[in-house]
Amino acid sequence: MTSGHPAAIDRDALAVLNRVFGFASFRGPQQQIVAHVAGGGDALVLMPTGGGKSLCYQIPALLRDGIGVVVSPLIALMQDQVEALRELGVRAAFLNSSLGTRAAAAVERAVAAGEPDLLYVAPERLLTSRCLELLGRSRIALFAIDEAHCVSQWGHDFRPEYLQLAVLHERWPQVPRIALTATADALTRREIVEKLALGSAREFVSSFDRPNIRYRIVEKNDPKHQLLDFVGGAHAGQAGIVYCATRARVDEIARWLSAQGIAALPYHAGLDSATRSAHQARFLREDGVVMVATIAFGMGIDKPDVRFVAHLDMPRSVEGYYQETGRAGRDGEPAEAWMAYGLADVVQQRRLIDQSQADEAFKRVSGAKLDAMLALAETIACRRMRLLAYFGETGAPCGNCDNCLDPPEPWDATEPARKLLSCIYRIRQASGFGFGAQHVITVLRGHTGERVRQHGHDALSTFGIGTELSETEWRAVLRQLIAQGLVSVDHAHHQVLVLTEASRALLRGERTLSMRRPKTRPARRTGRGARGAHDGATAGTAGGAGTTDGIVAGSTADAAVEALFERLKSWRRATAMARGVPPYVVFHDATLRGIAERRPVSLAELAAVSGVGEKKLDAYGAELIALIDPVGP
């Protein structure tokens with residue numbers, strides 16, 4: 001164990017960081033967190049995905065006597081996490097339901113003998129009397145509770161088992177605990193502290209900003225082709241995740257993308273476990289695979305080179321959106337978060353809340369979270385500023401979201417909104433019952449049809465008063481009215497529109513409605529043209545340092561560097577396949593690019609590249625040097 005003196009802890013921690021992980025210095029608050037936990041203190045760590053949370057417990061576990069126990073819900077990924085640590089020379093193991101009886105017994109014997117440096121345990125396994133007794137006979141260095149937001153019943157990834165993890169403090173009051181998450185608003189943070197008995201823990205809250213991610217939200221008009229333009233254009237051949245709301249939609253989109261020549265796989269709870277495991281393994285171990293999934297997929301994904309996350313349906317909360325988009329660009333290289341959203345998303349989310357069996361308090365919280373998500377989707381300001389403000393941060397416009405790069409036109413929609421509200425009212429007054437969005441917009445635009453004539457709605461005073469707007473524009477106005485609670489949808493009566501009490505103020509002229517002006521549908525671009533347009537817009541944006549692997553074709557890219565980078569990637573792919581591990585477990589893209597740029601000709605020079613630790617230098621150093629032509633093409 002390291003000395004308890006702060007200076008000695010810092011020195012030893014830095015030595016481990018360099019020797020084991022191959023990094024020259026800590027990032028952000030990592031050094032403070034490591035020193036605090038290694039010194040025996042409890043901590044609550046909020047750090048964005050890709051910010052280096054794992055080092056905050058891995059290094060203290062290596063510095064302290066005993067086994068570092070990591071509680072994680074990510075059963076499917078524990079093996080890859082353990083393999084990555086073993087590649088670094090760290091003695092790591094896992095215990096979860098994926099192990100057979102004989103394999104689990106072998107791990108238990110190793111734990112009893114004090115052999116592992118780190119043990120990853122699923123919460124349901126940890127809470128068994130067998131596991132608790134095993135740990136009771138062992139020397140424990142620390143407990144790390146990963147994905148700590150799972151304790152929150154208000155959150156997007158609630159796990160009931162997490163509510164019982166306070167037992168760790170009760171049984172091992174002297175063992176430091178570190179709870180970590182990338183996503184927690186103030187309410188969730190309070191729950192983590194309360195439910196895990198972390199009242200005396202020191203809180204470390206990093207910026208939630210992910211400057212390498214570009215945020216883009218578009219209005220749905222032809223979502224499948226919009227997605228194809230996005231995935232098959234700028235992101236052709238890249239790894240990414242496409243989120244859909246339902247299993248049926250996942251299957252449909254995966255089949256459709258596959259038919260368009262994109263390597264797309266479905267993932268949802270309706271698939272058998274063998275299929276899910278096979279698809280996840282392909283995504284983690286092969287290049288350029290697109291996973292189409294429900295939110296059942298992805299929590300804690302370790303794959304660092306996910307270049308995009310796309311949403312074809314709007315998430316229920318900003319936390320969910322942030323967590324899911326955060327799976328892109330974990331390596332710090334440029335990545336993109338894209339979402340297509342429309343009127344049906346607003347209606348569907350409101351319906352799910354209204355028809356929920358939850359109590360009124362839960363519905364109120366869910367409604368507030370949805371309101372915040374709608375505000376992010378509809379804002380005309382910098383999306384990153386809006387996103388960060390949700391988590392209590394302030395900042396300047398980022399210059400790397402759609403609203404910054406192509407500012408929307410603000411629009412005073414008060415008069416159109418009053419026309420739409422009046423039309424809903426007149427239709428119900430004339431018929432004694434309401435109608436849906438399509439019928440109301442048809443009446444507003446003065447289009448006659450059988451239903452309009454049948455109900456006499458062509459004689460209403462609101463018939464034809466909205467010819468100045470297109471159907472798309474009227475739907476945008478209605479979406480905003482529903483988002484702001486001025487119109488509701490009666491799901492029990494064929495999705496008819498109903499005015500709310502809040503609409504009175506707008507009808508009376510006591511309030512206004514400002515929104516982004518809807519854009520007309522752009523001509524679809526595919527293939528090379530789409531990619532070139534995006535690349536030009538991306539060059540030089542935030543997070544662009546070391547631009548690589550697709551999002552940006554840097555204008556100053558050196559052909560020799562690119563050629564060596566591709567050669568190193570081919571070597572990595574073959575090495576990973578031979579070892580039976582994902583390619584990123586061997587080396588991250590950023591490390592390979594560092595090697596390509598620096599072209600080391602000796603082991604000493606190679607050791608100076610970020611990400612090349614002692615064990616990997618011994619294992620791969622000679623092969624890598626042999627791949628590098630010091631003269632270059």
Open item on the list: Taking the side chain as everything from C-beta on, heavy atoms only, tell me whether Arg307 gets closer than 4.5 Å to Glu333.
Closed with: yes
Task: Arg249 side chain vs Leu312 backbone, donor-acceptor pair below 3.5 Å - done: no
- [ ] Evaluate side chain to side chain contact (heavy atoms under 4.5 Å, CB included) for Ser503 paired with Val487, printing each intermediate quantity in order.
- [x] CA-CA 7 Å; Ser503 67; Val487 172; 5.8 Å; no
Open item on the list: Given 3.5 Å as the limit, does a donor-acceptor pair link the side chain of His149 with the main chain of Ala182, or not?
Closed with: no
Task: Heavy-atom closest pair, residues Leu506 and Ala417 - done: CD2-CB, 3.7 Å
- [ ] Could you check Gln484 against Leu513 for side chain to side chain contact (heavy atoms under 4.5 Å, CB included), going step by step and ending with a plain yes or no?
- [x] CA-CA 10 Å; Gln484 296 198 20; Leu513 180 70; 3.3 Å; yes
Open item on the list: Taking side chain to side chain contact (heavy atoms under 4.5 Å, CB included) as the criterion, tell me which of Asp313, Val346, Val218 meets it with Tyr341.
Closed with: Val346
Task: Expected output: side-chain Thr500 to main-chain Leu486 donor-acceptor under 3.5 Å - done: yes
Open item on the list: Does Arg504 have more than 12 heavy atoms from other residues, nucleotides or ligands lying within 6.0 Å of its CZ?
Closed with: no
- [ ] Answer whether the closest heavy-atom distance between the side chains of Ile262 and Leu228 falls below 4.5 Å.
- [x] yes
Task: Any donor-acceptor pair under 3.5 Å from Lys224 side chain to Trp256 backbone - done: no
Open item on the list: I'd like to check Arg316 versus Lys369 (side-chain heavy atoms, cut-off strictly below 4.5 Å). Are they in contact?
Closed with: no
Task: Check: Arg384 side chain, Tyr215 main-chain N or O, donor-acceptor pair, under 3.5 Å - done: no
TODO: Answer yes or no: is there a donor N or O on one side and an acceptor on the other, between the side chain of Asp458 and the main chain of Arg453, under 3.5 Å?
DONE: no
Task: Heavy atoms from other residues, nucleotides or ligands near CD of Gln454 exceed 12 (cutoff 6.0 Å) - done: yes
Task: Heavy-atom pair with the smallest gap, counting every atom of Ala179 and Ile192 - done: CB-CG2, 4.4 Å
TODO: Show the numbers, then the answer: is there a ring-ring contact (aromatic ring centres under 6.0 Å, His included) between His235 and Phe230?
DONE: CA-CA 7 Å; His235 298 285; Phe230 174 72; 4.6 Å; yes
TODO: Could you check if a side-chain atom of Leu374 sits within less than 4.5 angstrom of a side-chain atom of Ile482, using non-hydrogen atoms only?
DONE: no
TODO: Starting from the C-alpha separation in whole Å, work towards a yes-or-no answer on side chain to side chain contact (heavy atoms under 4.5 Å, CB included) for Asn221 and Thr472.
DONE: CA-CA 8 Å; Asn221 48 51; Thr472 297; 6.0 Å; no
Open item on the list: Quick check on the 6.0 Å ring-centre criterion: do Tyr390 and Tyr322 meet it?
Closed with: no
Task: Interatomic distance, Lys195 atom NZ to Arg190 atom CZ [nearest 0.5 angstrom] - done: 11.5 Å
- [ ] Check whether any side-chain N or O of Arg214 sits under 3.5 Å from a backbone N or O of Glu336 as a donor-acceptor pair, and report yes or no.
- [x] no
- [ ] State the OG-CD distance between Ser97 and Glu124, to the nearest 0.5 angstrom.
- [x] 6.5 Å
TODO: Supply the atom-to-atom distance Arg189 CZ to Leu187 CG, rounded to the nearest 0.5 angstrom.
DONE: 10.5 Å
Open item on the list: Tell me whether the rings of Tyr321 and His311 are parallel (<30°), tilted (30 to 60°) or perpendicular (>60°).
Closed with: tilted
- [ ] Start with the C-alpha distance between His457 and Thr442, add both sets of side-chain angles, then the distance that settles side chain to side chain contact (heavy atoms under 4.5 Å, CB included), and finish with yes or no.
- [x] CA-CA 10 Å; His457 293 164; Thr442 297; over 6 Å; no
Task: Gly329 to Arg210 - nearest heavy-atom pair and separation - done: O-NH2, 2.9 Å
Open item on the list: Rounded at 0.5 Å granularity, tell me how far OG1 in Thr467 sits from NE2 in His447.
Closed with: 8.5 Å
TODO: Taking all heavy atoms of Ala502 and all of Gly485, pick out the closest pair and write down the distance.
DONE: CB-O, 3.9 Å
Open item on the list: Quick one, Cys382 and Asn403 - any side-chain contact, counting heavy atoms below 4.5 Å?
Closed with: no
- [ ] Please tell me if the side chains of Trp474 and Leu420 come closer than 4.5 Å, counting only heavy atoms from C-beta onward.
- [x] yes
Open item on the list: Measuring from atom SG of Cys423 to atom CG of Leu444, what distance do you get when rounded to the nearest 0.5 angstrom?
Closed with: 4.0 Å
Task: Side-chain touch Val489/Leu497, heavy atoms, less than 4.5 angstrom - done: yes
Open item on the list: Determine whether a donor-acceptor pair (N or O, by modelled atom type, separation under 3.5 Å) exists between the side chain of Thr181 and the backbone of Leu46.
Closed with: no
Task: CD-CG distance between Glu203 and Leu198, expressed to the nearest 0.5 angstrom - done: 9.0 Å
Open item on the list: Looking at Glu393 and Phe208, would you say the former's side chain and the latter's main chain have a donor-acceptor pair under 3.5 Å?
Closed with: yes
TODO: Check whether any side-chain heavy atom of Asp229 lies under 4.5 Å from a side-chain heavy atom of Gln226, and answer yes or no.
DONE: no
Task: Smallest separation among heavy atoms of Leu271 and Tyr267, with atom names - done: CD1-CA, 3.9 Å
Task: Glu471/Arg475 ion pair, N-O < 4.0 Å - done: yes
- [ ] Pick out which of Arg516, Arg479, Arg386 makes a salt bridge (charged side-chain N to carboxylate O under 4.0 Å, His left out) with Glu378.
- [x] Arg479
- [ ] Please name the pair of heavy atoms, one in Met385 and one in Pro397, separated by the smallest distance, quoted to 0.1 Å.
- [x] SD-N, 3.3 Å
TODO: Using modelled atom types only, decide if a donor and an acceptor are shared between the side chain of Lys53 and the backbone of Leu180 within a distance under 3.5 Å.
DONE: no
- [ ] Decide side chain to side chain donor-acceptor pair (under 3.5 Å) for Arg451 and Gln438; before the verdict, give the C-alpha distance in whole Å, the side-chain angles of both, and the deciding distance to 0.1 Å.
- [x] CA-CA 11 Å; Arg451 290 189 77 209; Gln438 185 64 55; over 6 Å; no
